[in-house]
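Presented below is the structure to which this report refers.
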Amino acid sequence: MFYRYLLSYVVLLLIPILVIGLLVYRQFVGILQEEVTISHRHVLEQASAAMTAEFNEMNDIAIKLSARSELSPQRLNQSMFRALDAMETLRDMNASPFVRQFVYYAKGSDYFYSADTTYPVELFAEPFRQYGNWSSEDFMVHLRSLNKPTFVSAEPLESNELASGRVLTYLVPIPYNSPSPYGVLLFLVEEASVNKLLEGALKEQNGNSVIVNQDGQIITALRHEAYLESPKFQANIRKIASGGMTVATLDNDDSYVISTVKLQHTNWTYATLLPEEVFLHKTKHIQTLFVVSVLIVLCIGCALIYLLMRLNYNPVHQLLSFISKQWGEAVRNVQEAKEKIGHMAEDRQLLKQKLDSNKEAARNYLLLKLLRGQVADVRACNAEGGEIGIAFSKSLFFVALVDGLPASSDSRGLEKMYREHFECYQIDTMDEGKGIVICAIAPEETPALQERLLRLHQELMERCSGKVTIGVGGLYEEIHQIGKSYIEAATALDYKLIKGHNTLITYGGIQAENQSASWYPKEEMELLAQSMRQGDSAKVESILLKLQLYMEERPLPLHIARCICYDIFGCMIKTQDRLRLSQSAHIRYPDAFALAKFDTIHDLASLVRDICLQIKESTEAAPGGGSAEAWIAYIQEHYHDHAFSVERMAEHFSLSRSSLFASFKKLTGQTIMDYLDYYRLERAKRLLSNSDLRLKEIVEQIGYYDVSSFIRKFKQQADITPGEFRKLSLGRDDTASP
């Protein structure tokens, strides 16, 4: 049941996590990819904007120089001094650091002019500016025929004035956008300067950035890789030339994310190439982080569910365990628990019905047991009488016998009257007109006892309008002496022959009147109790004979003789209780009614002798067959048997298992299996101390199967393991040796 509910709660946890997770995951990853794309495109646009700004600055320089007459061919051809004016004009045009150098050439002139010097045409094209992919003749032809701005792709250029070996050349006609230009302005831009802008658009080391013109030719590239010349790359560039993004597999079989931005005024395309795994690195990182987070939440949730389940279902588990223990068989689920509880409730209801129907009989039975002295103490009486309304809260007890009640009186009327003065219970009797009441008072109420009894007697005479006589027994602290108080009350009531009717007769008053016959064998009673405890049957017989002779030879009053007999019975009860003799020994308990009805001392003494002889026999033979000594001897003889069982032992002594189990525990104070374990462990200690046998051999010899079980039980008894016990035993022997 626990794991079924645990699984259901885990499923309930998984459903929202999976649903929310998938929705949020897809949405979040899509947004993240879009953000990465937009961010990358934004950076690319910034790089293209920076490049555009540089070109605009070069165009501004060309426009400004177009308005300067110092650069016209007519002015320059007048004299060489005009060349100085041209150089000064060029020097005034401060280009940005992006432009490495710019040079002016007037068509038809024999010189190139820079801010610092002039170059003859034949020297500029050959030794100073030698293009790797462009001959000097082609170079000059292109300059003389140029009529619109032209950008020459990056190519090798040998020059002592350049730090890099590759340059981009931007040729602008002068005047700017004139159909008949008379000069050309050459801007030389090192490829390294362009690459710095491209590196800003591409921070990842594994990627590449390129600039492609409107014809698909690569103007410049951050890294000149072979795949830039592949048809696949050219095709993908043309596909997204107007701007956008695509994923393509190039000649090196690697997947790249290609992003482009197109400049409208130049029709150039700025493109970046990133390996797909690099481009999606953040996305994959977030994906991994999301999955790990979901797993962590799931694990924590499952752990919390498990702990809360254990906490919440622990009472259910305890309830099922309790029901299983009470019922005697395993209860595995709530349905079975309901059935067992239902059965228990039915049994309890039936028991209550039976108890209610027999409550009066049970009440009278318990009160009769009190009169016979068969209840050992107040706690036992209250425990047995709790369900039937009998419980004593006060500690001093006495019995009152009433004679002269009307035949039609209420069966509980006497108790109701007495309860106004005492804590009491009435016993139903077969004698018409008589009633017996067991009363209890507190010690502080003792001085007013006589006054209360007199007042009660007066009330009884007024209500009954007859001859009412009350006999009251002695006051005792022990509840088992209620029987003695009954005998005394019956004896006191017998004195109505002398005292007359309508009198209150107390046993104490009779004793005061018979001082001459006050002999009581206290020493003999103490010696009798001692002999019974020691099991000295000869001594018991001798004391009983002596007491009988005393009672026969001396003129003792009847109440003294009866009290002596009852005290002998009390001695017997104490002896039986101390020796823990089972009630199954068929010992006759002292019957206070029988003692009150015997008329001769000889009959009373015979009864006492018979019961004492039964006590003697019961100490020598245990109830139901076998004695405690015989049972212990059987265990000590068969303790090493692995198949030892209480059933076999009960069969050996011809007893039922439950009877043997209960009798053994009552006589010894422990169960059979507890004593068996104790005796086996004691034998094990002896073998550990006096032999070199291995632990497994010792375990087999004393009747155990499992070594680990033996070690656990040994440690529970001795607080140390068998190995530690053997070491301590050997250590003591070594110390004791000379």
Side-chain angles (χ1 to χ4, degrees), residues 328 532-538 575-587 614-730 732-733:
M532 284 185 174
R533 289 194 298 270
Q534 294 174 352
D536 190 345
S537 58
T575 302
Q576 183 181 5
D577 183 63
R578 290 180 181 177
L579 294 178
R580 298 181 179 273
L581 297 177
S582 172
Q583 294 184 6
S584 61
H586 305 293
I587 298 174
Q614 292 177 36
I615 285 287
K616 172 195 167 191
E617 293 172 359
S618 65
T619 58
E620 296 174 354
S627 64
E629 291 78 10
W631 294 338
I632 292 173
Y634 177 90
I635 295 174
Q636 294 177 355
E637 182 180 355
H638 297 87
Y639 77 96
H640 52 76
D641 186 358
H642 294 85
F644 182 93
S645 67
V646 179
E647 288 79 4
R648 291 176 59 184
M649 182 176 173
E651 183 179 354
H652 176 80
F653 288 101
S654 300
L655 295 170
S656 66
R657 183 186 184 279
S658 58
S659 176
L660 175 62
F661 190 91
S663 299
F664 188 95
K665 186 172 184 181
K666 190 168 185 178
L667 290 175
T668 64
Q670 56 186 329
T671 65
I672 294 174
M673 299 310 296
D674 288 343
Y675 181 83
L676 177 64
D677 287 337
Y678 165 80
Y679 189 77
R680 282 175 170 174
L681 293 175
E682 290 299 314
R683 295 295 301 176
K685 290 179 182 179
R686 190 173 302 175
L687 291 172
L688 287 169
S689 302
N690 302 327
S691 71
D692 296 326
L693 293 175
R694 292 183 298 126
L695 185 59
K696 185 176 181 181
E697 296 174 344
I698 293 175
V699 170
E700 292 177 351
Q701 284 193 18
I702 65 174
Y704 280 111
Y705 282 106
D706 191 335
V707 175
S708 60
S709 176
F710 166 74
I711 293 175
R712 183 175 65 256
K713 289 186 178 181
F714 190 98
K715 190 171 183 180
Q716 287 177 352
Q717 186 197 68
D719 291 331
I720 58 176
T721 63
E724 294 171 343
F725 180 86
R726 172 169 274 178
K727 289 180 181 179
L728 290 174
S729 299
L730 294 176
R732 287 195 294 268
D733 292 342

| said: Within the structure provided, determine whether R726 and S691 are in side-chain contact (heavy-atom separation under 4.5 Å). | reply: yes

| So, for I635 and L676, which heavy atoms are closest and what is the spacing to 0.1 Å? | CG2-CD1, 3.9 Å

| field | Intermediate values then yes/no, side-chain contact (heavy atoms from CB on, under 4.5 Å), Y679 and I632 | value | CA-CA 10 Å; Y679 189 77; I632 292 173; over 6 Å; no

Kindly list each side-chain donor-acceptor pair under 3.5 angstrom involving residues 680-687, sequence neighbours excluded, with atom names and distances?
residue: R680; atom: NE; partner: Y639; partner atom: O; Å: 2.8
residue: R680; atom: NE; partner: I702; partner atom: O; Å: 2.9
residue: R680; atom: NH2; partner: Y639; partner atom: O; Å: 2.9
residue: R680; atom: NH2; partner: D641; partner atom: O; Å: 3.2
residue: R683; atom: NE; partner: Y639; partner atom: OH; Å: 3.2
residue: K685; atom: NZ; partner: Q717; partner atom: OE1; Å: 3.1

| field | Nearest-0.5 Å distance that lies between atom NZ in K727 and atom CD1 in I720 | value | 11.0 Å

| If we only count heavy atoms from C-beta on, is the Y704 to D677 side-chain gap below 4.5 Å? | yes

| Counting only heavy atoms not in Y678, do more than 12 sit closer than 6.0 Å to its OH atom? | no

| Minimal non-hydrogen separation, I672 against F661, with atom names | CD1-CA, 4.5 Å

| Parallel, tilted or perpendicular for F714 and F725, by the 30°/60° rule? | perpendicular

| request: State, yes or no, whether a side-chain contact exists between L695 and F710 at a heavy-atom distance under 4.5 Å. | output: yes

| request: Kindly write out the residues that satisfy salt bridge (charged side-chain N to carboxylate O under 4.0 Å, His left out) with E700, not counting sequence neighbours, or none if the list is empty. | output: none

| Heavy-atom pair of closest approach, residues A630 and F653 | O-CZ, 3.7 Å

| task | Nearest 0.5 Å please: distance from the CG atom of L660 over to the CD atom of E651. | result | 12.0 Å

| task | Step by step, work out the side-chain contact (heavy atoms from CB on, under 4.5 Å) result for Q636 and Y675. | result | CA-CA 10 Å; Q636 294 177 355; Y675 181 83; 2.9 Å; yes

| query | Among all residues two or more places apart in sequence or in another chain, which pass the side chain to side chain donor-acceptor pair (under 3.5 Å) test with E647? | reply | R657

